[in-house]
Amino acid sequence: MSTKGTQVVTRIAPSPTGLFHIGTARSALFNWLYARKHNGRFVVRIEDTDSTRSKKEYERDILEGLMWLGLAHDELVRQSERTTHYTDALDALIASGAAYVSKETAKNDTSRTVEVVRLRNAGKSITFTDEVRGDISFETQELGDFVIARSRTDPLYHLAVVVDDAQMGITHVIRGEDHISNTPRQILIQEALGLTRPVYAHLPLILAPDRSKLSKRKGAVSLSEYRAQGYLPEALVNYLALLGWNPGTEEEIFTISELVQRFSLSQVQKAGAVFDIEKLSWLQREHRDRLDQRTQFELFTSQLDEDSTIHQVFMRSPAAIRDVVERYATSGDFLQAVEQGEFSFYETRPTPTVEQLTWKKDPTPDNIKQRLQHIVNILTPLESFTQGAIKNALWSYAEKEGKGNVLWPMRVALSGKERSPDPFLLAEALGKEEALARISAAMVHL
RNA sequence: GGCCCUAUCGUCUAGCGGCUAGGACGUCGCCCUCUCACGGCGAAAACCCGGGUUCGAUUCCCGGUAGGGUCACCA
């Protein structure tokens, strides 16, 4: 289309009636990407004309979420502060006869009479070109003379949207597919007001695994939930971009600035896309692995109680944190594992049974005891008690005896678990004194 | 139900008349390995159905079916 000469202006228009929804976040992202791509402006418009449902805390959640994702806006407006613009438009519409005041009994309180404003609808057919779907036509006679304001001073959604989009110079309306049926109404109001029509692009919806609309019942829908779980904004941005859009190549990992370079409405998908937490997790790992080690460590330790044993273990053993980072996609996953006792060996000394200490290939208690004793003998004089040094000290012995025969009982003596990090890492993380004490304690029962 | 939108592996998708239908996530197998995890390699897995158009349809058209959205004095 020819937007020659006019600057691209896109917008996200959330209503603060709930926490920042993941679908709204994606619409925001697409609008932001499009604006940045075309050196345009991105505006945030808080649609709070419904004063009874709008809440300041939700507005804050939305704004914080946008900032966290890195979607900075060039302008921020609230519809509640622009009422005169809507009432002016309303007056003009009534004066020109395009709209009229209608005395009716109130919808909710039938004993009361109200004066709503309705648009005089000629009922013609409207066709608009959607950038992702092509031409879409509606017979607007089915809409009737729909209400555009509760009263002469109390404008409704469609009117406010049309007035704002025009006055703010919005060139591209990029929004969810659920708005398709709103478009003919808005075009009708636009035409009655003599305004120019913006370019429309309706994005496919984000679906729950059962292909229905994403809802609280079917998983996390608020951006803040993902944030709390420990997902990186880089991962979310990357994943949201891939839901309903593709670069036309086989690349999948993108930074937000790479997305700006490649984004195009012509590559937007038409069909709804199921939100797949597994793929998000994968992207989370990919982006996390691109962070420097210090940032990764902070990601996984910042939510830990500083006085907890596990926190102290991590402070003295980088290998222990590295292991955790490798194991879990998010800090939330890690915290949950801690709660389930996956890392109980860091908190309390285990008491493994003979059976647990026994490796399937050599189930002889005497041998196990002898080997554990040998391990203690080797480790006792060790100066540097790091994962590498410990492995170095024990390796030739382990190879001679059969690695499983040495490493399995050692690891179980240290962890008390069939599944755990390797014994060298455990020994380092536990510290020399505790590690030797655990191995010695295990021998007592053999 | 009316109107509107949509339809390629389980999922996200590439494809824009002729392809062994490609990639990714997930799944499975093998390797690595004391266990788990990581990593490496490999495999299974899709064109909703029926008519056209065409020498030839996953691709274009029509119909069906299925799914979704929307039908407020909410946004």
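Naming: A, B, ... by sequence-line order, numbering from 1 per chain.
- Contact of the A:Val260 side chain with the A:Trp32 side chain is registered, since non-hydrogen atoms from C-beta on lie closer than 4.5 Å.
- Nucleotide B:A21: unpaired (no Watson-Crick or G-U wobble partner with both distances less than 3.5 Å).
- Closest to the side chain of A:Trp395, from the set B:C34, B:C4, B:A75, is B:C34.
- The nucleotide whose nearest atom lies closest to any side-chain atom of A:Tyr157 is, among B:C73, B:A75, B:A24, B:A75.
- For RNA chain B, the residues of residues 244-252 of chain A within the heavy-atom distance limit of 4.0 Å (strictly under) are A:Gly244, A:Asn246, A:Glu250, A:Glu252, sorted by number.
- Heavy-atom contacts from other residues, nucleotides or ligands closer than 6.0 Å to CD of A:Gln141 number more than 12.
- Of the residues A:Gln190, A:Arg45, A:His172, the one that meets the side chain to side chain contact (heavy atoms under 4.5 Å, CB included) test with A:Asp165 is A:Arg45.
- Separating the CG atom of A:Leu280 from the P atom of B:A24 is a distance of 19 Å, rounded to the nearest angstrom.
- In this structure, A:Glu278 reaches the sugar-phosphate backbone alone: every heavy-atom distance under 4.0 Å involves primed, P, OP1 or OP2 atoms, never a base.
- Across all strands shown, the partner of B:U70 is B:G2, judged by Watson-Crick or G-U wobble contacts whose two distances both fall under 3.5 Å.
- In this structure, CG of A:Asn405 is placed 11 Å from P of B:C34, rounded to the nearest angstrom.
- Counting any heavy atom pair closer than 4.0 Å across all strands shown, A:Phe146 reaches no nucleic acid atom.
- Going from the C1' atom of B:C16 to that of B:G10 covers 26 Å, rounded to whole Å.
- A:Ile390 places its CD1 atom 16 Å from the C1' atom of B:C34, with the value rounded to the nearest Å.
- Counting any heavy atom pair closer than 4.0 Å across all strands shown, A:Lys107 reaches a base atom.
- Closest to the side chain of A:Arg211, out of B:C12, B:A75, B:U35, is B:C12.
- Across all strands, A:Thr49 comes closer than 4.0 Å only to sugar-phosphate atoms, never to a base (heavy-atom distances).
- A:Gln267 and A:Arg262 are not linked by any side-chain donor-acceptor pair at a separation below 3.5 angstrom, with hydrogens and angles left out of the test.
- Within the 4.0 angstrom heavy-atom criterion, no nucleotide atom of any strand lies near A:Lys417.
- Residue A:Trp282 has its side chain nearest to B:C25 when only B:C34, B:G69, B:C25 are considered.
- For the segment residues 21-32 of chain A, no residue has any heavy atom less than 4.0 angstrom from an atom of RNA chain B.
- Summarising the geometry, the separation between CZ on A:Arg185 and P on B:C3 is reported as 15 Å, rounded to the nearest angstrom.
- Side-chain contact check for A:Asp164 versus A:Val77: every heavy-atom pair is 4.5 Å or farther apart.
- Residue contacts for A:Pro14: at a heavy-atom cut-off of 4.0 Å it reaches no nucleic acid atom on any strand shown.
- Using a 4.0 Å heavy-atom distance criterion, A:Asp130 is classed as making no nucleic acid contact.
- Within 4.0 Å (heavy atoms only), A:Thr17 reaches no atom of the nucleic acid at all.
- One can place CG of A:Leu243 at 13 Å from P of B:A14, the figure rounded to the nearest angstrom.
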Shorter than 3.5 Å, N or O on both sides, protein versus nucleotides 5-9 of chain B: list them out with atom names.
unit_1 : atom_1 : unit_2   : atom_2 : d
B:C5   : O2'    : A:Arg133 : NH1    : 2.6
B:C5   : O2'    : A:Glu177 : OE2    : 3.1

Sugar-phosphate means primed atoms, P, OP1 and OP2; the rest is base. With that split, encode nucleotides 37-45 of chain B 5' to 3' as B, S or - using protein heavy atoms under 4.0 Å. BS-------
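- Among the nucleotides B:A75, B:U11, B:G69, the one closest to any side-chain atom of A:Asp276 is B:U11.
- With no hydrogens or angles considered, a side-chain donor-acceptor pair links A:Trp395 and A:Glu399 at under 3.5 Å.
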For nucleotides 60-64 of chain B, give me every protein contact, N/O to N/O, under 3.5 Å, one pair per line with atom names.
none

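- Nucleic acid contact class of A:Ala13 (heavy atoms, under 4.0 Å, all strands): none.
- Looking only at side-chain heavy atoms (C-beta outward), A:Glu252 and A:Lys279 come within less than 4.5 Å of each other.
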Please evaluate residues A:Phe343 and A:Phe300 with respect to the criterion ring pair (Phe, Tyr, Trp, His ring centres under 6.0 Å), reporting the C-alpha separation (whole Å), side-chain torsions for both, the decisive distance (0.1 Å), and the verdict. CA-CA 14 Å; A:Phe343 293 91; A:Phe300 280 81; over 10 Å; no
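- Of the residues near RNA chain B, A:Asp210 and A:Val116, the one whose nearest nucleotide (by heavy atom distance) lies more toward the 5' end is A:Asp210.
- Relative to the ring axis of A:Phe128, A:Arg197 does not place its NZ or CZ within 45° and under 6.0 Å from the centre.
- Of the C1' atoms belonging to B:U54 and B:U59, the separation is 13 Å, rounded to the nearest Å.
- Nucleotide B:G26 forms a pair with no other nucleotide shown, judged by Watson-Crick or G-U wobble geometry with both contacts under 3.5 Å.
- Counting any heavy atom pair closer than 4.0 Å across all strands shown, A:Thr105 reaches a base atom.
- When the nucleotides B:U35, B:C74, B:G68 are ranked by their closest atom to the side chain of A:Arg53, B:C74 comes out on top.
- As the counterpart of B:A7, B:U65 is assigned, both hydrogen-bonding distances of the Watson-Crick or G-U wobble pattern falling under 3.5 Å.
- Of the candidate nucleotides B:A75, B:C73, B:G69, B:A75 has the atom nearest to the side chain of A:Asp50.
- Residue A:Lys403 has its side chain nearest to B:U33 when only B:U33, B:G23, B:A75 are considered.
- Under the 3.5 Å distance criterion, with hydrogens and angles disregarded, a donor-acceptor pair is assigned to the side chains of A:Asp48 and A:Ser80.
- The phosphate of B:C73 has neither OP1 nor OP2 within less than 4.0 Å of any side-chain N or O from A:Arg112.
- Here B:U53 sits opposite no nucleotide as a Watson-Crick or G-U wobble pair (both hydrogen-bonding atom distances under 3.5 Å).
- Between the side chains of A:Asn377 and A:Gln373, at least one donor N or O sits under 3.5 Å from an acceptor N or O.
- Rounded to an integer number of Å, the gap from A:Leu242 CG to B:G23 P is 17 Å.
- Nucleic acid contact for A:Val147: sugar-phosphate only, since backbone atoms but no base atoms lie under 4.0 Å from a heavy atom of the residue.
- Residue A:His202 contributes atom NE2, which lies 15 Å from atom C1' of B:G68 at whole-angstrom precision.
- Proximity of residues 331-354 of chain A to RNA chain B (heavy atom under 4.0 angstrom from any strand atom) is not detected for any residue.
- The distance between atom CG of A:Leu156 and atom C1' of B:C73, rounded to the nearest whole Å, is 6 Å.
- Judged by distance alone, the side chain of A:Ser54 and the main-chain N or O of A:Ser51 form no donor-acceptor pair under 3.5 Å.
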